[in-house]
Amino acid sequence: MRPTSLGRPFNALWFGTGAANLGDGMALFVLPLLALAVDASPGGVAAVTAALTLAWPVFGLHAGWIVDRVDRRTVLISVNVVRALVLAGLSTAHLAGTLSLPLILAGAVLLGTAETLVDTALTATIPMVVEPAGRNRANARIEATINLTNQLAGPPLAGLLAAATLALATGASAALYVLAVAGVLAMTLRRPLAAAHTASDGVAAAGTASDGVVAGFRYLWRQPVVRTLTLFTAAMNIPWAVATALLVVYAVSPGPLGLSTAQYGLVLTAMAVGGLLASTVVERLRRRFGVTRLLIADAAGTVLLVAPVAADGPVWTVAAGAVVAGAGSSVWRILVATIRQNLSPPHLLGRVYAASRVLSWGVIPAGAALAGIAAELWGVRAVFVIATVLAVAILVAFIPYALRTDLSAAVEPGRTPQPVL
């Protein structure tokens with residue numbers, strides 16, 4: 001049976017998300033190029049990337065609090081306007097010859113902070129425009145769009161425009177954020193946030209003493225399914241951090257695989273394509289195999305991300321493992337997002353999402369730094385061996401948890417996950 005439409009409010013949100021993420025993909029690609037254009041050192045270029053990713057561990061919980069206290073349409077509109085102004089300002093400074101590394105770093109910090117607000121507002125808005133039965137499909141559509149625009153289309157489009165002038169790439173990114181605002185303006189919410197405030201699930205309604213920055217973290221920790229899935233996500237992100245930090249060293253010549261930078265780029269593109277394809281069929285896979293089997297397969301994908309390097313496998317095994325891992329990562333994010341949305345009170349959803357993101361993403365910079373130190377001491381392959389052992393241990397721990405917990409119930413409306421006896 002053909003699925004029904006998710007509705008015009010979601011379609012407007014979807015359009016805005018696509019435009020904003022295309023702008024994100026372009027901005028993330030061009031900001032390091034701007035740093036090079038002002039003769040920044042390698043450390044200065046790396047600082048730009050660090051500034052873009054610093055916001056989640058520093059500002060994430062506050063972003064959740066803001067999203068839960070302010071109209072979510074207002075957050076999405078205001079933040080995209082700010083992002084457009086930041087990119088327009090960098091474009092103007094570049095054309096005027098006044099661009100500097102401190103100015104780029106300031107822009108990167110603002111863009112990174114804006115991302116925490118927009119991502120949190122997006123996941124917290126979906127339950128307000130989509131009924132429970134359609135949320136997994138909505139999350140899958142959003143995930144596919146992010147993969148397509150942010151990872152696949154954004155960087156090459158920015159590179160094409162930057163070949164003419166960097167200001168053209170940053171200006172186009174600014175224009176896309178304005179287009180995202182137009183999409184959000186066309187969105188109407190099915191119900192106001194105030195109507196969703198309840199004291200259910202043992203969490204006080206808005207306006208009480210518990211309604212602070214850490215209220216989402218407290219709820220997350222008391223909700224066993226959301227807590228456990230967040231902790232497993234954080235654990236699996238450690239092998240991902242190793243791959244993010246060191247795969248390029250192993251793969252690109254003079255590394256053992258001997259790939260050119262273009263060939264390595266194709267491997268990363270294949271990973272993104274795997275994520276895109278998986279996100280388009282996740283609902284059919286869920287109906288056929290169930291949430292439990294899918295999540296177990298996704299955890300196995302993390303093993304395949306690092307195991308080929310640990311085993312000194314040929315390039316095709318590394319590429320295949322990356323594709324499978326990319327597909328599994330998308331499916332995991334979609335299913336866990338739906339579970340979190342269905343098991344969290346609407347008035348706390350922004351803070352619950354932010355708390356889970358701070359925990360699960362907070363390990364990535366630390367994991368990458370430790371991987372770099374370990375690689376200096378023992379070599380790259382040794383670090384991948386350690387990452388593989390950890391990934392296998394996580395899989396072994398996750399399988400019995402998934403089998404004894406009815407995770408499918410959290411994705412289907414009207415049911416509550418229960419232990420399977």
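Positions are given from 1 along the sequence. In this text the structure is predicted, and so the values were computed from the model without any measurement.
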Is there a side-chain contact between P127 and L349 (heavy atoms, below 4.5 Å)? yes
Could you grab the distance from atom CG of L359 to atom CG of L220, nearest 0.5 Å is fine? 6.5 Å
Checking the side chain of E131 only, and the main-chain atoms of G134 only, is there a donor and an acceptor separated by less than 3.5 Å? no
Test log, rule side chain to side chain donor-acceptor pair (under 3.5 Å), inputs D312 and Y250: CA-CA 10 Å; D312 197 21; Y250 184 84; 2.7 Å; yes
N/O donor-acceptor pair under 3.5 Å between R141 side chain and W14 backbone: no
Does R293 have more than 12 heavy atoms from other residues, nucleotides or ligands lying within 6.0 Å of its CZ? no
Of all heavy-atom pairs between A354 and G60, which one has the smallest distance, and what is that distance? CB-O, 3.1 Å
Below 4.5 Å, heavy atoms only, C-beta onward: do H347 and D68 meet side chain to side chain? no
Locate the shortest heavy-atom distance separating H94 from A37; write the atom from each residue and the value. CE1-CB, 4.4 Å
Between T338 and N136: side-chain donor-acceptor atoms closer than 3.5 Å: yes
Closest non-hydrogen contact found for L257 with A251 is CB-O, 3.4 Å
L87 and side-chain contact (heavy atoms from CB on, under 4.5 Å): which single residue from L111, V82, L110 fits? L111
Is the closest side-chain heavy-atom distance between P314 and T317 below 4.5 Å? yes
Correct closest heavy-atom pair for G183 and A12 would be O-CB, 3.4 Å
Taking R137 for its side chain and E283 for its backbone only, find out whether a donor-acceptor pair lies under 3.5 Å. no
Assess, by modelled atom type and distance only, whether the side chains of N237 and S360 contain a donor and an acceptor separated by less than 3.5 Å. no
First locate atom OG of S279, then atom CZ of R333, and finally report the distance between them rounded to the nearest 0.5 Å. 9.0 Å
Could I get the full list of salt bridge (Lys or Arg N to Asp or Glu O under 4.0 Å) partners for R284, not counting sequence neighbours? none
Taking every non-hydrogen atom, the tightest pair across V324 and G301: CG1-CA, 4.3 Å
For a quick test of reading the model, state the closest non-hydrogen atom pair linking W240 to A325 and the distance between them. CZ2-O, 3.5 Å
Rounded to the nearest 0.5 Å, how far does OG of S356 lie from CZ of R340? 4.0 Å
With side chain to side chain donor-acceptor pair (under 3.5 Å) as the criterion, how do N80 and R83 come out once you've worked through the C-alpha distance, each side chain's angles and the decisive distance to 0.1 Å? CA-CA 5 Å; N80 279 315; R83 294 202 286 190; 2.8 Å; yes
Give a yes/no verdict on a cation-pi contact between R218 and W221, requiring under 6.0 Å between NZ or CZ and the six-membered ring centre and an angle within 45° of the axis. no
Is the closest side-chain heavy-atom distance between S100 and L103 below 4.5 Å? yes
Could you tell me whether the side chain of L246 reaches within less than 4.5 Å of the side chain of V383, counting heavy atoms only? yes
With rounding to the nearest 0.5 Å, note down the distance linking CG in L229 to CZ in R227. 10.5 Å
Per the side-chain contact (heavy atoms from CB on, under 4.5 Å) rule, which among V75, I77, T74 passes with V184? I77
Can you check whether Q223 reaches S344 side chain to side chain, under 4.5 Å on heavy atoms? no
Compile the donor-acceptor pairs under 3.5 Å between side chains in residues 114-123 and protein atoms, sequence neighbours left out, one pair per line.
{"from": "T116", "atom 1": "OG1", "to": "T113", "atom 2": "O", "distance (Å)": "2.6"}
{"from": "T120", "atom 1": "OG1", "to": "T116", "atom 2": "O", "distance (Å)": "2.6"}
{"from": "T123", "atom 1": "OG1", "to": "Q341", "atom 2": "NE2", "distance (Å)": "3.3"}

Does the N150 side chain pair with the main chain of I146, one donor and one acceptor, at a distance under 3.5 Å? no
First locate atom CG of L168, then atom CG of L161, and finally report the distance between them rounded to the nearest 0.5 Å. 4.5 Å
Which donor-acceptor pairs under 3.5 Å do the side chains of residues 387-398 make with protein atoms, sequence neighbours left out?
{"from": "T388", "atom 1": "OG1", "to": "V306", "atom 2": "O", "distance (Å)": "3.4"}
{"from": "T388", "atom 1": "OG1", "to": "F384", "atom 2": "O", "distance (Å)": "2.8"}

Does any part of the side chain of L403, heavy atoms only, come nearer than 4.5 Å to the side chain of I296, both counted from C-beta? yes
Give a yes or no on whether the backbone of V225 and the side-chain of T228 come within a donor-acceptor separation of less than 3.5 Å. no
Derivation and outcome, side chain to side chain donor-acceptor pair (under 3.5 Å), residues S91 and T170: CA-CA 6 Å; S91 301; T170 52; 2.3 Å; yes
Which of these, H62, R351, R72, sits in a side-chain contact (heavy atoms from CB on, under 4.5 Å) with V67? R72
Interatomic distance, L13 atom CG to I142 atom CD1 [nearest 0.5 angstrom]: 5.0 Å
Could you tell me whether the side chain of E376 and the main chain of I373 form a donor-acceptor pair under 3.5 Å? no
May I ask you to test the T302-W332 pair for a side-chain heavy-atom distance under 4.5 Å? no
